[in-house]
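Residue numbers run from 1 in the order of the sequence given.
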Amino acid sequence: PDIPFYWLTQEFDSTVASMAYAVVQAWHAPAVFILSFVLLRSQSVRLPIALLVSVLITAVAVLAPLNFRLVGTLTGDTTTAMLVIAGLACFAMAMSQTAAGQDRVFKQWMFGFAGLLVGLGVGLKLTNGPFAVALVACGFLVPGDIQTKFRIVLILGFSSLLGFLLGYGYWGWFLYQEFQNPVFPMFNDLFKSDYIKHVHLSDERFKAATLKDWVFYPFLYNAFTASFQHQHFFDLRIPLIYVLIVVVGLVLLVSRSARRRAVEHPLCSSIILFCLVSYLIWQQQFSIIRYLVVLEILAPVAVLAAACLICRKRWTAIVLSLTVLVTIVVTSVMSLDRAGSFGRRIAWTETTFEVQFPDFDLKDSMVLVSGGQAMAFIIPSAPQSARFVRVDSNLNYVSYTSLEDRYSNEMGRRLREAIGSHQGQFYIMYFTNEEPLADGDLGYFGLKRDADNCAFITSNGPKMFICTVTREPDQG
């Protein structure tokens, strides 16, 4: 998703590029409308009422604080959320046709297209994986005999795999050829690439530490006065869905009529199951809140689905849903300034990337890059003959005991080979607060930073230093 935006930034000023990118990200709104409308019509709600309520639900979905904060950013979460929600809308249309007994071939194509869209969303951003699993699980709720259910599950599974290969296949093959791991550096306990330790790379900072934290996780990160595990965020949508899913489960346990409604309205049951499965996998694998933007957008739809299963009368369900939606709108307005920046730190300028290197001769040089933050936007402003080599990165989530331990792998060997064979000038580039880290990396490779010959790289982003580097005298 970054490549189209980068092209826009080269052709237009930052305002036009950001707005164009935001328009693409906003295409989840029609998908939410279709999903809501199909859900309401499946409950025999009259057409004018269904249209009106669907418009209201769509407006509430777009107002989601997390979505509002992520639109226009390059995290890829909202861009790919569009594909996931569109896939769920196609699934809803296919299921409504199933319930109505329409053409079998058309239904199967619709289910296949649903899986294809969600799989493509996973291929473009792997953290959407929980939603693909959740969609396939929903296939078991499709009306019909067990043979029909398994056929739909297989269609969803294989079409999701096809979409994934379309979105990720080339990149996965490149990673496998280069690093012997198609999802490098993740799951290296399985693929055992020699470029890093044979461990599962996972950012554990945001995960619940205790069973109590795990159970009450949505409420902990929504505290007004504090944050949970570094996530400065406030929004009641996810906690609301969490509570509603628990209530639906309890009602289904004690009420025979509720279980009958769950069978009669499989689309409502599917939406609740989709939210439940994707949330549980997300919490176990990531617990990073912006990866859950799909559920935040879908919150008003989930409210309607839960009300359908809880309430006996259709109008009671609609009134309950509208009451909850008003609550969501009020809390959303309260939350807009509490939803975190997620990279939205830079004001609009004439060009998106304003970078000016100091008066250093970078031609035919090797610029070593240290630190775990994103710095690649600097590279296009340097001479084409300059080679940028990253010696330190966020791969350091892997636990290393020393620099020797960190670089005692194939990645370290290639770095030593590249640095050792370079005959030109060296430079080191790093953020202003990472000077000790940069010096440590250089020392391992027999290099030393010239502290008297450093300068700022001028940009509209974070402040960065660039310094000349010399080889240490051979101690042998």
message: I'd like to know whether Val45 forms a side-chain contact (heavy atoms from CB on, under 4.5 Å) with Val53, so could you lay out the CA-CA distance, the side-chain angles of the two residues, the decisive distance to 0.1 Å, and finally the verdict.
response: CA-CA 10 Å; Val45 176; Val53 175; over 6 Å; no

query: Quick one: are Val389 and Val369 in side-chain contact, heavy atoms under 4.5 Å?
result: no

- prompt: Is the Phe37 ring parallel, tilted or perpendicular to the Phe33 ring (thresholds 30°, 60°)?
  reply: parallel

message: Could you check whether any side-chain heavy atom of Val55 comes within less than 4.5 Å of a side-chain heavy atom of Leu51, counting everything from C-beta outward?
response: no

task: Report the distance from atom OG of Ser270 to atom CE of Met95, rounding to the nearest 0.5 Å.
output: 3.5 Å

message: Are more than 12 heavy atoms, taken from residues, nucleotides or ligands other than Tyr242, located less than 6.0 Å from that residue's OH atom?
response: yes

message: With heavy-atom distances below 4.5 Å as the criterion, would you say the side chains of Thr79 and Leu124 are in contact?
response: no

message: Would you compute the distance between atom SG of Cys268 and atom CD of Gln43 and round it to the nearest 0.5 angstrom?
response: 4.0 Å

message: Measuring only between side-chain heavy atoms, which start at C-beta, is Met429 closer than 4.5 Å to Phe388?
response: yes

- prompt: So how far is it from Leu162 CG to Leu120 CG, rounded to the nearest 0.5 Å?
  reply: 9.5 Å

N/O donor-acceptor pair under 3.5 Å between Lys149 side chain and Val142 backbone: yes

field: Heavy-atom neighbours of Gln384 CD exceed 12 at 6.0 Å
entry: no

message: Can a donor-acceptor pair be found, under 3.5 Å and without considering hydrogens, that links the side chain of Arg259 to the backbone of Leu252?
response: yes

message: Quick one, Leu126 and Tyr168 - any side-chain contact, counting heavy atoms below 4.5 Å?
response: yes

task: Answer with yes or no after comparing the ring centroid distance for Phe174 and Trp171 against a 6.0 Å cut-off, counting only values under it.
output: yes

task: Look only at the side chain of Lys192 and the backbone of Val199, and say whether a donor-acceptor pair between them is shorter than 3.5 Å.
output: no

Side chains of Asn409 and Lys197 in contact at under 4.5 Å (non-hydrogen atoms): no

query: Is atom CD of Glu178 surrounded by more than 12 heavy atoms (other residues, nucleotides or ligands) closer than 6.0 Å?
result: yes

- prompt: Under the side-chain contact (heavy atoms from CB on, under 4.5 Å) criterion, do His28 and Val293 qualify, and how do the steps go?
  reply: CA-CA 11 Å; His28 62 262; Val293 65; over 6 Å; no

field: N/O donor-acceptor pair under 3.5 Å between Arg390 side chain and Asp392 backbone
entry: yes

task: Assess whether atom CZ of Phe286 is packed by more than 12 heavy atoms of other residues, nucleotides or ligands within 6.0 Å.
output: yes

query: Measuring from Gln25:CD to Asp77:CG, what's the distance to the nearest 0.5 Å?
result: 9.5 Å

- request: Quickly, which of Phe274, Phe131, Phe111 forms a ring-ring contact (aromatic ring centres under 6.0 Å, His included) with Phe91? Name it, please.
  value: Phe111

statement: So the salt bridge (Lys or Arg N to Asp or Glu O under 4.0 Å) pairs with at least one residue in residues 264-284 (sequence neighbours excluded) are Arg260-Glu264

- prompt: Looking just at side-chain N and O atoms, do Asn181 and Asn188 make a donor-acceptor pair shorter than 3.5 Å?
  reply: yes

message: Quick check on the 6.0 Å ring-centre criterion: do Phe150 and Phe140 meet it?
response: yes

query: Just by modelled atom types, is the Ile297 backbone N or O under 3.5 Å from a matching donor or acceptor in the Arg237 side chain?
result: no

- prompt: Going by atom types alone, do Thr458 and Gln356 pair a side-chain donor with an acceptor below 3.5 Å?
  reply: no

task: Could you check if a side-chain atom of His198 sits within less than 4.5 angstrom of a side-chain atom of Phe191, using non-hydrogen atoms only?
output: no

field: Option passing side chain to side chain contact (heavy atoms under 4.5 Å, CB included) with Leu35 (candidates Leu304, Leu298, Thr58)
entry: Leu298

field: side-chain contact (heavy atoms from CB on, under 4.5 Å) evaluation trace for Ser269 with Leu309
entry: CA-CA 8 Å; Ser269 303; Leu309 298 177; 3.8 Å; yes

message: Checking Gln180 against Tyr176: is there a side-chain donor and acceptor pair closer than 3.5 Å?
response: no

field: Among Val301, Leu276, Val303, side chain to side chain contact (heavy atoms under 4.5 Å, CB included) partner for Ile271
entry: Val301

message: Could you check whether Thr80 and Asn128, counting side-chain N and O atoms only, form a donor-acceptor pair closer than 3.5 Å?
response: yes

message: Test your reading of the model: is there a side-chain donor-acceptor pair from Ser96 to the backbone of Ser42, 3.5 Å cut-off?
response: no

message: Can a donor-acceptor pair be found, under 3.5 Å and without considering hydrogens, that links the side chain of Asn67 to the backbone of Val62?
response: yes

task: Evaluate the criterion side-chain contact (heavy atoms from CB on, under 4.5 Å) for residue pair Phe113 and Ser159; output intermediate values, then yes/no.
output: CA-CA 7 Å; Phe113 191 55; Ser159 59; over 6 Å; no

field: Check: Trp282 ring centre within less than 6.0 Å of Tyr279 ring centre
entry: yes

field: Heavy-atom closest contact (Val24 atom, Met82 atom, distance)
entry: O-SD, 3.2 Å

- prompt: How are the rings of Tyr195 and Phe184 set relative to one another: parallel (under 30°), tilted (30 to 60°) or perpendicular (over 60°)?
  reply: perpendicular

message: Give me the atom names and distance for the closest heavy-atom approach of Cys275 to Ile245.
response: CB-CD1, 4.0 Å

query: Do the non-hydrogen side-chain atoms of Leu166 and Leu116 ever get within less than 4.5 Å of each other?
result: yes

query: Between atom CG of Leu40 and atom OG of Ser54, what is the distance when rounded to the nearest 0.5 Å?
result: 4.5 Å

- request: Any chance you could measure Ile238, atom CD1, to Leu295, atom CG, to the nearest 0.5 Å?
  value: 5.0 Å

query: Closest heavy-atom contact between Val183 and Phe187?
result: CG2-CD1, 4.0 Å

